[in-house]
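Data block below; observations after.
Letters A, B, ... mirror the listed sequences (proteins, then strands); counts begin at 1.
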2 protein chains.
Amino acid sequence: MARKTKAEAALTRHRIVECARQVFSRDGVTNTSLEHVAKEAGVTRGAVYWHFRDKADLFMAVRQETGILLRFGDFKSGDALRRLESGLHEALRRLAEDKQARETYEVMLWKCEYVGEFAGVRKDLMSAGTLFLTEATALYEEAVRDKLVGPELDPQMAARETFCFYAGMIKLWLADEGGQAIRSEILKVITHHIESRRLRRRIHPKAV
Amino acid sequence: MARKTKAEAALTRHRIVECARQVFSRDGVTNTSLEHVAKEAGVTRGAVYWHFRDKADLFMAVRQETGILLRFGDFKSGDALRRLESGLHEALRRLAEDKQARETYEVMLWKCEYVGEFAGVRKDLMSAGTLFLTEATALYEEAVRDKLVGPELDPQMAARETFCFYAGMIKLWLADEGGQAIRSEILKVITHHIESRRLRRRIHPKAV
DNA sequence: AGATTTACATACAGACATGTATGTAAATCT
DNA sequence: AGATTTACATACATGTCTGTATGTAAATCT
């Protein structure tokens, strides 16, 4: 077949990744053959094997193209608690509005079996978790320093709690396609999670 | 082959389910063939197809044999917040000590692709979630009535937050085999999650 | 006791996926 | 401009999985 120019080849590669993400998110990673991906992208398996070593390699490319969902460092305005809240809100905004991100996370959280070559990917995810924990811990430390929360709050514990909350929230949000239980209320739930930590300055009326 | 007695047949069926769980949790649902399961159970595919319609059916049996991980109704002692905490603790205790439960949840949360016949299972999981939400909401309502928490706490929101926290916690606990980030501290994190809601009776020293 | 199921094992047929080897025409290099 | 590489398409060889059909001897039924 006629050789493509470098730019064309890059386009082909990109198209393959794009289609792989779609097919993965529809049929699951294990169930999709490279033939399916190739057909969807309008090429043959030859093209796929040219650009990627195997399905695991292609899967990595899908992940890399979307990148990480949330970096707290991106948020600069407001106090530490507000920045935490903004980060969580933003992650969900991306899931809702960015089809690529939504599909990628759908694959990673519901359409993939972390086994064999993919067992390593799970460790990657946990490493990304460590980053989340580091950033969140720093923000909670700042919140303590600035007396946004009581001095008894343990930043590490709070960060771990937020991490669990975040992981479950993303996973449940994706599954809740009907939208009743989680999706429609999720922003308020996030606010609840963060704001309930904030030191209340008004006196609780009936507290001793 | 010689026909088995009813009791023997029941044993065979049970052995197949048991082995299916193990193999699923090792190799992932999609990757395991019924031949693998059969061999592990010391039978042929004939036996598997006799007891189960197909792999999805077998998977359902695996789920059913383990049952649900957490019912708040099982906890009777202590105030509402303590019962919430006990429930969450108990779920983790089971994961840690009960190999069967651990394997089943490992399969459901990390080694299964919710696609095709399995898409329905995901809806089941979300329905189980509705039950969780109902029970947790009731407990938070009780906590409000008993003034364990401030009157501004919205039981529904708190329940949803706890649900997300719970879902993420289970998933992360399973993945954190090293034990550093999550496993070793998880009981404290749970306590943190629940107790931080409790109305503090001592006055915060420097709060206005 | 004879008829009928049952609880499997064995055998068969078809579909499908994977990886590699080979072909090829144009793009890129020198 | 000629040599070389590239970006695929095509062909092949192999292994695996699935579902069903058939066989069978003992358990259960009547």
So which protein nitrogen or oxygen atoms get under 3.5 Å of nucleotides 27-30 of chain D's nitrogens or oxygens?
unit_1: D/dA27; atom_1: N3; unit_2: B/R3; atom_2: NH1; d: 2.4
unit_1: D/dT28; atom_1: OP1; unit_2: B/T5; atom_2: OG1; d: 2.9
unit_1: D/dT28; atom_1: OP1; unit_2: B/K6; atom_2: N; d: 3.4

* Could you check which of C/dT18, D/dA9, C/dC8 has an atom nearest any side-chain atom of A/A47? =>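 Among C/dT18, D/dA9, C/dC8, the one nearest the side chain of A/A47 is D/dA9.
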* Asked: Between C/dA7 and B/H51, is there an OP1 or OP2 to side-chain N/O distance shorter than 4.0 Å?
  ->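 So the side chain of B/H51 is outside the cut-off, no N or O lying under 4.0 Å from OP1 or OP2 of C/dA7.
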* **G-U wobble or Watson-Crick pairing nucleotide for D/dA26 (cut-off 3.5 Å, both distances)** =>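 Pairing partner, where one exists within any strand: C/dT5.
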* Asked: With both distances under 3.5 Å as the test, what is the Watson-Crick or G-U wobble partner of D/dT20?
  ->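 Pair assignment: D/dT20 / C/dA11.
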* Asked: Is any NZ, NE, NH1 or NH2 atom of the basic residue among A/E90 and A/R94 found under 4.0 Å from an Asp or Glu carboxylate oxygen of the other?
  ->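 Salt bridge flag = no for A/R94 with A/E90.
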* Does B/E161 pair with B/R197 as a salt bridge, N-O distance under 4.0 Å? ->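 Answer for the salt bridge query: yes.
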* Does A/F59 have its ring centroid less than 6.0 Å away from the ring centroid of A/F52? -> no
* To do: Count the heavy atoms of every other residue, nucleotide or ligand shown that sit under 6.0 Å from CD of B/E97, and state whether that count exceeds 12.
  =>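 It does: B/E97 CD has more than 12 such atoms within range.
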* To do: Take atom CD of B/E35 as the centre, draw a 6.0 Å sphere, and report whether it contains more than 12 heavy atoms from other residues, nucleotides or ligands.
  =>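 For B/E35, atom CD is crowded (more than 12 foreign heavy atoms under 6.0 Å).
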* On DNA chain D, nearest-nucleotide positions of A/G46 versus B/L34: which is more 5'? ->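 Checking each residue's closest nucleotide, the 5'-ward one belongs to A/G46.
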* Asked: How is B/T44 classified with respect to the nucleic acid when contacts are heavy atoms under 4.0 Å: base, sugar-phosphate, or nothing?
  -> base
* Working for ring-ring contact (aromatic ring centres under 6.0 Å, His included), residues B/F165 and A/F165 -> CA-CA 4 Å; B/F165 171 73; A/F165 171 72; 8.4 Å; no
